[in-house]
Structures are given as C-alpha cells and as structure tokens.
Q: 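Questions regarding the structure given below will be posed in turn.
Counting convention: from 1, in listed order, for ligands and their atoms alike.
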Amino acid sequence: MRITSQFESGRIRVVDGKGASEATLEILPDRAADFRQWFAFSVAATEGREHTLRIVNAGACTYAGGFERYAVCASYDRERWFRAPTEYDGEARVIRHVPEAKRVTYAYYAPYLERRLRNLLRKAARHPAVKIETIARSVEGRPLQRVTFRSQSDDPLRLWIIAQQHPGESMAGWFAEGVIGRLCDDAEVLGYLTSRAEVHVVPRMNPDGAAGGHHRTNAAGDDLNRAWLEPRESRTPEVLGVRAAMLDRGVDFFLDVHGEEQVPYVFVAGAEGNPHYTDRIEALEERFSSAMLEANRAFQTEEGYPKDAPGDGELRCAANFVGEQFDCLSMTLEMPFSDDANDRDEAVGWSPERSANLGADTLDAIAAVLDELR
Ligand code: ZN
C-alpha cells in the first residue's frame, strides 16, 4: 500500500505498509511537544477493494476519550469530506473502508488548507470595507493575517474573532470562513455591524502548526492558548503580535474559536473565573447565549465545561486574558470533532459546512448584543 503524509497538514507514521490492502500506523506527537492526536495521510488504493488501516496507538493519545463514537474524516479531493467506518477497542482504531477513487485522504478532521484561505482572503480583499494586514509572524515566519471590516462610526466598538490557536482544531478555520464569507456577501448584516463597530478576524492563529500537522502547539512546541499573559518573541510571536494589535485598537467583544475532542456539543465558555468578573459581563454572556440559541440550531447551553470558581480563571488563556484586560464580553467557542450529539449525521458528522454555518450565524448573535457591549 502506498501511504504518504507529505502534504500540508499531513502527519502519520507507517509501521507496516507492505500489505496490499492493510497497513499498521501510529499517530505522531506534535514536532516539539508531547501532544498526540492529529493525523492526516493519503492512501493510493484500489477502487472497490476494502482496505484495513490499523492505528495502533489511538488509545495512548492525549484525548483518547475523543475516539469513542468517532468516525474518521475522508476525502477524494481534500475539498469535500465524509466519514468512513471506524472501529475503536480502547487501544487501536481501525478504519475499514472501500474507497471509490484511486486516492483517498483520511484525517482526524477536515484540514482547512492554505489554498482555501488564500482564495477567501483574495475575495475579501476586493470588498470596499475590507483591509487585510499581516499583524504577526509565526516562529517559522508565516504571516498571521487580520481581516478588518471598517466601521462608519467615529468611535466604533471593536469586535474580535480569532480561530485555530490549536492547529488541529481545523473546524475553527471553517468557522472563520463562514464569518468572513457572510460579512462579504450579506450587506445587511455588514451594514448593521459596521454602523457601530469595526470587525477584526484572525482566521489562522497558528499557521506553523497547521502546515506541520500538529494538534495543539506551534513550531516551538508551545500551546498558544496558554501564552496570553507572557507571550515571547522567541516562542509565541503569534500571540505577541495579535495581543499587541488588540492593546492598540481595544476590544469590546472577543470570541476565540476552538474544537473540542471529548464534549460532542457546540457551546461557549465564559470568563466567570476572572478576578474582575462582574454582573455586567455575566448578563452579557447570558444575552449572547440566548441569541446564539436563536441563531443556530446546534448551539446549546446544557453541556460544556464545568464553570471556573471565582478567581480561578486561567489568565494565560486568550478569552480570560482579554476579558480581564478589557472588561468586555469574552468567550471561547467550542465545536465537536465527532458529531453534534443532539443532531447526529452519520454521513458527515460535525462537518466543515456546519462549522461555517455556525460562524455565519454567530454574526446574528453578535448583532443582537451589539448595543449593550460598552
Ligand atoms: Zn482548542
């Protein structure tokens, strides 16, 4: 069997690939850190013949619980993705699939590829309200781009959405595409938001990790979402640059977009553990959640992370840092890797399309709270 991971976001170790229709594989850790979860690889297959791919160390991965009720993402063109039959016995995960093309790519989640991001930004750049700038460089020198939708107000609110600090959480890239795409295409929502606010979107916070097939960290092996208190030029220039841009412009609303391995629901986490959390912010979080329930059918408030005790918030995390620094509505949004357990779809699971729709719909919830943000 010919198996390769020599492509953007590709990562796997082939332990034994000599069989004609079966192979033994291992998930590799991030290059400079011990997180082990992401994989992506392509197989040159015989159409119509079942192959068996045994990933033998799935049970030893960082979020092994995430492989329960999980089916692998598969694609023939790395654009359209579906789910392929996957078994898991607590140690090995076995993909048994009959491909319908000569080449098939399997991945932990549908990668959001550079080519797609470039096309999106090229389209956005033609919009008269848009400005695109490089506001930071990664450890390996890749640009972090900010898409700004300018405001007509002299004293605008500052809305920020960032995505994919954790590179393996590529549903966040699709979410950001939904946000930027709708702002470019829907003059009504853009006009409403920019009459009072400017909107900043950083669609890819961790380009090195995304290119290298990392799950959690950047090229230096650092978790960007633990770097917000003391970002360093040598290890976390991504956070240093974006944080500086926020300190420069100000923040009245912040959403940090992620994927969650083990909680199969869409939810937000607030900043209730922050030292200076107030009743005003708590009320805003509730208003935003109510508006999200109206805006998108996948969003829910029953399941999520346990709440932080007062004062116990981890200020190294983006949403807590920003909420504390700017006294604003500041949240982390999570989407599932596997599926929305309230609304399962065996064919595609929690898909790129659902992620993008959620991003687009989130703008309605932001519009609903806009007048109360400051
Ligand atoms: Zn994350």
Side-chain angles (χ1 to χ4, degrees), residues 9 11 27 29-30 32-40 61-67 70 73 107-112 138 144 160-179 201-229 231 236 238-239 242-243 254-271 273 298-299 303-306 308 313-323 330-338 340 350 352 354-355 358-359 362:
S9 87
R11 197 143 171 85
I27 293 171
D30 291 5
D34 201 22
F35 291 101
R36 191 187 296 262
Q37 189 86 6
W38 177 264
F39 59 88
C61 285
T62 307
Y63 307 103
F67 296 138
Y70 164 85
C73 296
Y108 184 42
Y109 194 82
Y112 189 81
S138 66
L144 272 76
W160 287 81
I161 299 173
I162 68 168
Q164 232 185 332
Q165 289 201 82
H166 294 145
E169 295 164 13
S170 50
M171 54 289 280
W174 296 95
F175 179 105
E177 179 179 295
V179 171
V201 186
V202 183
R204 198 198 285 290
M205 283 291 295
N206 194 336
D208 293 351
H214 294 190
H215 188 62
R216 185 105 181 154
T217 60
N218 68 355
D222 280 19
D223 179 339
L224 298 186
N225 203 29
R226 299 293 182 274
W228 284 74
L229 259 187
T236 50
E238 300 91 349
V239 173
V242 174
R243 198 183 84 145
F254 178 67
L255 194 63
D256 180 20
V257 184
H258 289 252
E260 160 58 42
E261 296 82 5
Q262 313 199 81
V263 184
Y265 299 94
V266 173
F267 60 95
V268 288
F299 184 83
E303 306 284 344
Y305 295 141
D308 286 334
E314 170 59 88
L315 291 171
R316 297 180 305 161
C317 296
N320 286 344
F321 173 82
V322 171
S330 180
M331 295 157 295
T332 309
L333 182 140
E334 300 281 354
M335 291 173 275
F337 275 86
S338 51
D340 172 6
W350 180 257
R354 290 160 97 183
S355 305
L358 179 68
T362 296

Q: Is it the case that the side chains of Thr236 and Asp222 hold a donor-acceptor pair, with the cut-off being a distance below 3.5 Å and no angle test?
A: no
Q: With sequence neighbours left out, what residues match Asp223 under side-chain contact (heavy atoms from CB on, under 4.5 Å)?
A: His166, Arg216, Asn225, Arg226
Q: Which of the protein's N, O or S atoms come within less than 2.8 Å of the Zn ion (ligand 1), not counting waters?
A: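 Only His166 ND1, Glu169 OE1, Glu169 OE2, His258 ND1 fall inside 2.8 Å of the Zn ion (ligand 1).
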Q: Which residue in the set Phe39, Trp38, Tyr108 passes side chain to side chain contact (heavy atoms under 4.5 Å, CB included) when paired with Ile27?
A: Phe39
Q: Any luck finding a side-chain donor-acceptor pair between Tyr112 and Glu177 under 3.5 Å?
A: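 Yes.
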Q: Please say which of Gln37, Gln262, Glu261 ends up in a side chain to side chain contact (heavy atoms under 4.5 Å, CB included) with Phe67.
A: Gln37
Q: Backbone N or O of Val263 within a donor-acceptor pair of the Glu260 side chain at under 3.5 Å?
A: yes
